[in-house]
Amino acid sequence: MSNQTQIFGIDGPGSLLAVLASQRASSISSTSSSSEGISAAAVSTYVKLVFLGLILCVSLAGNLLVSLLVLQDRAFHKAPYFFLLDLCLADVIRSAACFPFVLVSVHNSSAWTYSAFSCKLVAFLAVLFCFHAAFMLFCVAVTRYLAIAHHRFYAKRMTVWTCAAIICMVWTLAIAMASPPVFDVGTYKFIQDEDQCIFEHRYLKTNDTLGFMLMLAVVVLATHGFYAKLLLFEYKHRKMKPVQLVPAISQNWTFHGPGATGQAAANWIAGFGRGPMPPTLLGIRQTLHNQQHRCLLGMEEVRSERRLGRMFYIITLLFLVLWAPYIVACFWRVFVKSCSIPHRYLSITVWMSFAQAGVNPIFCLLLNEDLRKVLRAHLPTYSRTRQHQQLHRHELFVFTIT
């Protein structure tokens with residue numbers, strides 16, 4: 001027993017068995033903890049792949065569907081729908097060019113397996129489409145305000161060429177905002193926590209990220225400022241002003257002016273008037289000619305413009321809601337030195353920014369009745385059912401008459 005004690009450095013065989021049991025328990029616990037970590041990582045990867053794949057499919061199918069509807073129907077060939085078409089096509093390109101690389105990086109355990117140049121190109125496209133959406137939504141907010149508050153100017157100036165100029169200006173500004181990091185002013189690199197190539201946001205004294213983030217925040221806030229101004233305008237003009245009685249002007253008993261009822265002109269036509277033709281009759285031909293080019297809004301046009309404004313505001317609000325958490329995380333990195341953002345929060349914010357490309361066509365179809373009508377007209381089963389219902393109603397009507 002003394003020899004065994006000297007060899008093992010323990011008091012006896014019982015103590016040896018206790019040491020072996022503790023070692024086995026520790027090895028089992030470490031193995032189980034590592035297996036739980038591996039299973040949690042596998043589940044997280046699976047959820048990311050499924051969610052991003054769903055966003056990719058919905059974005060491609062929905063945006064292409066809305067784009068085809070706008071292109072096919074001539075009723076949509078006007079200013080607000082040209083901007084909607086540009087937004088949809090930009091989301092299609094973003095989904096097809098950027099999201100597959102994110103899927104590959106997630107599948108490879110958050111690793112970039114391509115060249116540094118391809119990473120810089122993908123990051124450039126991601127930043128480009130983000131700023132493009134922000135600038136385009138700002139221009140849409142301005143045009144929505146003009147369409148309601150200054151419709152005469154809007155109807156005269158908002159032509160196809162004006163829309164083309166606005167779209168070109170938006171793309172130019174977006175390229176100008178996304179280009180400096182390409183020429184090493186700032187940094188485009190693969191961020192492992194985000195599973196994507198994007199602008200590396202660091203502390204403001206070591207990187208020039210602050211200017212880009214401030215520009216994005218100012219544009220988003222200005223967009224909502226224009227919608228608030230539009231809402232205030234509609235609130236002030238929610239009721240018509242009372243009629244003000246203005247006395248008519250008389251020239252040789254031919255009354256004219258804002259207060260004239262037209263009775264003097266009727267008397268002149270009947271042969272009871274004397275003197276020159278009343279000014280009311282002089283302006284009839286000119287008024288009839290100008291009715292074809294009128295610039296005033298009717299009630300149905302006001303409702304249509306309001307529905308379009310509501311749809312675009314919902315799209316703008318969704319852009320703010322889905323991008324705001326990621327923008328907050330970026331400002332957090334810029335202003336707080338050596339900060340550590342929780343990985344789960346960062347992953348959720350990144351995937352929310354990806355989801356913005358897929359929700360736009362869904363809400364466009366939900367909020368725009370005209371798009372839904374055109375879509376139902378192109379569905380063969382719905383059109384057949386509609387024709388059958390109309391035929392059945394016609395037969396019922398003929399039967400009741402007979």
Any idea which heavy atoms bring [X] and [Y] closest together, and the distance?
{"X": "Leu308", "Y": "Asn368", "value": "CD2-ND2, 3.8 Å"}
{"X": "Leu103", "Y": "Gly53", "value": "CD2-N, 4.2 Å"}
{"X": "Ser353", "Y": "Arg94", "value": "O-NH2, 3.1 Å"}
{"X": "Phe76", "Y": "Leu69", "value": "CD1-O, 3.5 Å"}
{"X": "Ala79", "Y": "Tyr154", "value": "CB-OH, 3.4 Å"}
{"X": "Gly309", "Y": "Arg144", "value": "CA-CD, 3.7 Å"}

Any residue meeting side chain to side chain contact (heavy atoms under 4.5 Å, CB included) with Ser115, in chain and number order, not counting sequence neighbours:
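For Ser115 the side chain to side chain contact (heavy atoms under 4.5 Å, CB included) partners, ignoring immediate neighbours, are Phe117, Ser118.
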
What residues, two or more places apart in sequence or in another chain, satisfy side chain to side chain contact (heavy atoms under 4.5 Å, CB included) together with Val104?
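Listed in chain order: Asn108, Thr113, Tyr114.
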
So, His378 versus Gln72: side-chain donor-acceptor pair below 3.5 Å or not?
yes

Is Tyr46 atom OH crowded by more than 12 heavy atoms from other residues, nucleotides or ligands, each under 6.0 Å away?
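No, OH of Tyr46 has 12 or fewer neighbouring heavy atoms, counting only those of other groups under 6.0 Å.
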
Atom NE2 of His77: over 12 foreign heavy atoms under 6.0 Å:
yes

Sequence neighbours excluded, which residues qualify as ring pair (Phe, Tyr, Trp, His ring centres under 6.0 Å) partners of His150?
Tyr145

Contacts of type ring pair (Phe, Tyr, Trp, His ring centres under 6.0 Å), residue Phe233, not counting sequence neighbours:
His237

Of all residues at least two apart in sequence or in a different chain, which pass the disulfide bond (SG atoms under 2.5 Å apart) check with Cys330?
none

With sequence neighbours left out, which residue pairs that include part of residues 93-125 fulfil the disulfide bond (SG atoms under 2.5 Å apart) condition?
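Listed by first then second residue: Cys119-Cys197.
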
Test your reading of the model: is there a side-chain donor-acceptor pair from [X] to the backbone of [Y], 3.5 Å cut-off?
{"X": "Ser110", "Y": "Val106", "value": "no"}
{"X": "Ser179", "Y": "Ala176", "value": "no"}
{"X": "Arg333", "Y": "His201", "value": "no"}

Output every pair passing salt bridge (Lys or Arg N to Asp or Glu O under 4.0 Å) with a member in residues 39-63, not counting sequence neighbours, ordered by first then second residue.
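Those involving residues 39-63 are Lys48-Asp195.
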
By salt bridge (Lys or Arg N to Asp or Glu O under 4.0 Å) - contacts of Arg307 (at least two apart):
Glu300

Would you mind writing out the side-chain donor-acceptor pairs for residues 315-328 within the sub-3.5 Å range, not counting sequence neighbours?
residue : atom : partner : partner atom : Å
Thr316  : OG1  : Phe312  : O            : 2.8
Tyr326  : OH   : Glu194  : OE1          : 3.0
Tyr326  : OH   : Glu194  : OE2          : 3.4

Evaluate Val70 against Phe82 for side chain to side chain contact (heavy atoms under 4.5 Å, CB included), listing each step before the verdict.
CA-CA 8 Å; Val70 172; Phe82 288 147; 5.5 Å; no

What verdict does the side chain to side chain contact (heavy atoms under 4.5 Å, CB included) test give for Leu54 and Val50, after you've listed the backbone C-alpha separation in whole Å, the side-chain angles of each residue and the deciding distance to 0.1 Å?
CA-CA 6 Å; Leu54 180 64; Val50 170; 5.5 Å; no

Using a 3.5 Å cut-off and no angle test, enumerate the donor-acceptor pairs between side-chain atoms of residues 215-228 and protein atoms at least two apart in sequence or in another chain.
residue : atom : partner : partner atom : Å
Thr223  : OG1  : Val219  : O            : 2.7

Could you give the distance from [atom1] ([X]) to [atom2] ([Y]), rounded to the nearest 0.5 Å?
{"X": "Ile341", "Y": "Thr349", "atom1": "CD1", "atom2": "OG1", "result": "7.5 Å"}
{"X": "Leu87", "Y": "Leu137", "atom1": "CG", "atom2": "CG", "result": "5.5 Å"}
{"X": "Arg306", "Y": "Leu230", "atom1": "CZ", "atom2": "CG", "result": "9.0 Å"}
{"X": "Lys373", "Y": "Leu375", "atom1": "NZ", "atom2": "CG", "result": "13.5 Å"}
{"X": "Tyr81", "Y": "Cys364", "atom1": "OH", "atom2": "SG", "result": "9.5 Å"}
{"X": "Leu365", "Y": "Met311", "atom1": "CG", "atom2": "CE", "result": "9.5 Å"}

Stepwise side chain to side chain contact (heavy atoms under 4.5 Å, CB included) check, Phe354 with Leu56:
CA-CA 9 Å; Phe354 292 158; Leu56 179 61; over 6 Å; no

Is there a ring pair (Phe, Tyr, Trp, His ring centres under 6.0 Å) between Phe124 and Tyr188 once you walk through the steps?
CA-CA 8 Å; Phe124 168 78; Tyr188 278 153; 7.2 Å; no

Test Thr143 against Met158 for side chain to side chain contact (heavy atoms under 4.5 Å, CB included), laying out the working first.
CA-CA 9 Å; Thr143 56; Met158 194 56 62; 3.6 Å; yes

Check whether any side-chain heavy atom of [X] lies under 4.5 Å from a side-chain heavy atom of [Y], and answer yes or no.
{"X": "Phe83", "Y": "Cys139", "result": "no"}
{"X": "Ile191", "Y": "Lys189", "result": "yes"}
{"X": "Met169", "Y": "Leu173", "result": "yes"}
{"X": "Arg310", "Y": "Leu367", "result": "no"}

Atom pairs and distances, side-chain donor-acceptor, residues 125-135, under 3.5 Å, sequence neighbours left out:
residue : atom : partner : partner atom : Å
His132  : NE2  : Asp86   : OD2          : 2.6

Side-chain donor/acceptor pairs under 3.5 Å, residues 57-64, sequence neighbours excluded:
residue : atom : partner : partner atom : Å
Ser59   : OG   : Asn63   : ND2          : 3.2
Ser59   : OG   : Ser95   : OG           : 2.6
Ser59   : OG   : Ala357  : O            : 3.1
Asn63   : ND2  : Ser59   : O            : 2.8
Asn63   : ND2  : Ala357  : O            : 3.1

